[in-house]
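Remember, it's 1-based here, ligands and their atoms both numbered in the order they're listed.
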Amino acid sequence: MGAKNKSNKSVCVIGLGYVGLPLAVQCDLKGYNVYGLDNDEKKIKKINSGKSPIKEKFLNENLPKVNLKVSTNSKIIRKSDIVLVCVPTPIDKNFYPNLDPIKKAAGVIVKNLKKGQLVIIESTINPGVCEEVIEPIFREAGYKVGKDYYLAHCPERINPGDPKWNITNIPRVVGSLNKKGLAMALKFYRNIIGAEIYPMKSIREAEAVKIVENSFRDINIAFVNELAKSFDRMGIDAVDVIKGASTKPFAFMPHWPSCGVGGHCIPVDPYYLIERAKLSGFDHEFLKIARKVNNSMPEYAVELLQDALNEIKLSLNGTTVGILGLSYKADVDDLRETPAFKIIEKLKNYGAKVFVLDPYFPKMSDVKNPEALLKKSDAIMLVTDHKEFKEINPEVFKKHKIKIILDGKNCMDKKKIEKFGIVYKGIGR
Ligand code: SAJ
């Protein structure tokens, strides 16, 4: 772990979500005086009561131990030496990057800037945002970077639900607009994180790193999703092939086909690079094709279910389908870019009756437990591989006369299910 900060410097974290809140807690644990700023009153109240608004092991364990001064009042920025910006950088419905939250944060900092402050952007942004969007906001207010304040970028690498990797041990990269800003940022992160803190050549390279990491993941998932479509036609089990390829101890990294790529990172970040590169006259055809393949998976999953029903002389029209899962990934309560809503919409367009269960979203669920869902359903579509869904004994499906199971995350036991005479279809298997 990094050395405890003895300088009693203070930090202000703007945006207390799944990135900002663990960061704020870790800064406190490492001896910083920590302020937190968020526009969500309810979240502020919950944090002030020592309870985490986010179900996360690190937070549940450590939030009660720290003394975060959190508020909706942006004046607290003035009390800090380091300002950490952890606000969302989403895309709009046309997949266009939306930098409004980060521009708003920069505007709030400008109004409360303390001379000499180090401003660090942790939100995922494309190359050029610091120099072309953020620095001009400060400049227009009369502040000169490197003199009145310092600007650095350290892209967040939080992996929601990961039992091993968290804010304390994930290596980071840092870039700045000048040497002093870089030195200040490196010192800060080396104080709070016990892992490599890698200095980038400039702030642009730092901005590019996160986008590249997540685009790498997106294109690899698109590769196996395309394989799944092709192998489905050839009667080849794509998952078995990927497992086989994974026995190669070098130069292969497994990814897995599924009913969709959700979350706030993977399906979003490539668009930031696609759009920014366009301004420089470059067209990321490959990234766009990968996005197209991954965006097609919810519809593909519904078509697989339609075909499976047709094979037993049924159709989606008039069939009741039970949806297991809404979250974009297992064992987290996060709906951002989840494929679930696209799947539900398509099923309803085909005339299916749909019931939903996600234990992380009781208010959005039609039933309280898996058995209650099975009771109502003719067919089941697993959209999220939550642990409790993987543990459903196939006998229960049989008991409730489930005809077909569409396993959107290839996480169920195909052989066991088929032994009960239930039609099983996975994505590519
Ligand atoms: N998915 C697949 N096939 C795969 C892997 C994921 O279909 O082989 C789907 C998931 O079901 C989910 C989506 O893609 O819907 C995203 O899954 P994810 O495991 O990438 O989870 P995220 O979105 O939480 O990604 C985070 C990212 N972390 C950061 O951006 C800091 C990503 O960089 C990590 O690689 C990823 O966690 C991880 O490794 O778990």
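- Among all non-hydrogen protein atoms, the one lying nearest atom 20 (O) of ligand 1 is R217 NE, 2.6 Å.
- Polar contact check, Y328 against ligand 1: a nitrogen or oxygen pair lies under 3.5 Å apart.
- Looking only at distances, no side-chain donor or acceptor of D407 sits under 3.5 Å from a matching main-chain atom of Y424.
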Item to check | Audit row: D40, K42, salt bridge (Lys or Arg N to Asp or Glu O under 4.0 Å) steps and yes/no | outcome: CA-CA 6 Å; D40 181 336; K42 272 197 295 185; over 6 Å; no

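- Taking every non-hydrogen atom of E156 and a distance limit under 4.0 Å, the qualifying atoms of ligand 1 come out as 31 (C).
- Exactly one residue among E213, E196, E122 makes a salt bridge (Lys or Arg N to Asp or Glu O under 4.0 Å) with R157. That residue is E213.
- For atom 2 (C) of ligand 1, the candidate residues are W256, Y18, F216, F223; the nearest heavy-atom contact is made by W256.
- Figure legend: K398 and F420 shown without cation-pi pairing, the cationic atom not lying both under 6.0 angstrom from the six-membered ring centre and within 45 degrees of its axis.
- Selection from V332, I266, N214, T384 by nearest heavy atom to atom 33 (O) of ligand 1 gives N214.
- Under a 4.0 Å criterion applied to the non-hydrogen atoms of C265, ligand 1 contributes the atoms 29 (C), 30 (O).
- Ranking protein heavy atoms by distance to atom 37 (O) of ligand 1, first place goes to N159 OD1, 2.5 Å.
- Ring pair H255/F216 is perpendicular by interplanar angle, where above 60° counts as perpendicular and below 30° as parallel.
- For the ligand labelled ligand 1, residue M297 lies outside the 4.0 Å heavy-atom shell.
- Counting atoms of ligand 1 from 1 in the listed order, those under 4.0 Å from a heavy atom of H255 are 8 (O).
- Atoms of ligand 1 found under 4.0 Å from any heavy atom of I221 (numbered from 1 in listed order, with element): 1 (N), 2 (C), 3 (N), 4 (C), 5 (C), 6 (C), 7 (O), 8 (O), 14 (O).
- A distance of 6.0 Å or more separates the ring centres of Y271 and Y96.
- Of the candidates G263, G262, S258, P155, the one placing a heavy atom closest to atom 13 (C) of ligand 1 is G262.
- At the shortest separation from atom 9 (C) of ligand 1 among protein heavy atoms lies G260 O, 4.0 Å.
- At a 4.0 Å heavy-atom cut-off, ligand 1 does not touch E213 at all.
- D38 pairs in a side chain to side chain contact (heavy atoms under 4.5 Å, CB included) with only one of the listed residues (L16, I14, V13), which is L16.
- With hydrogens left out, the protein atom closest to atom 11 (O) of ligand 1 is K409 NZ, 2.8 Å, a heavy atom.
- Each of the atoms 29 (C), 30 (O), 31 (C) of ligand 1 lies under 4.0 Å from some heavy atom of K210.
- No donor-acceptor contact under 3.5 angstrom links the side chains of Y150 and N178, judged on distance only.
- Contact annotation: for K329 versus ligand 1, heavy atoms closer than 4.0 Å belong to the side chain alone.
- Two rings, from H386 and Y360, have their centers less than 6.0 Å apart.
- You'll find the ring centres of H284 and F282 inside the 6.0 Å limit.
- The nearest heavy-atom contact from the protein to atom 14 (O) of ligand 1 is V261 CG1, 3.6 Å.
- Side-chain atoms of E207 never come within 3.5 Å of backbone atoms of I125 as a donor-acceptor pair (strictly under, hydrogens ignored).
- Residue-level proximity to ligand 1 for I158 is carried by the backbone, the only part with a heavy atom below 4.0 angstrom.
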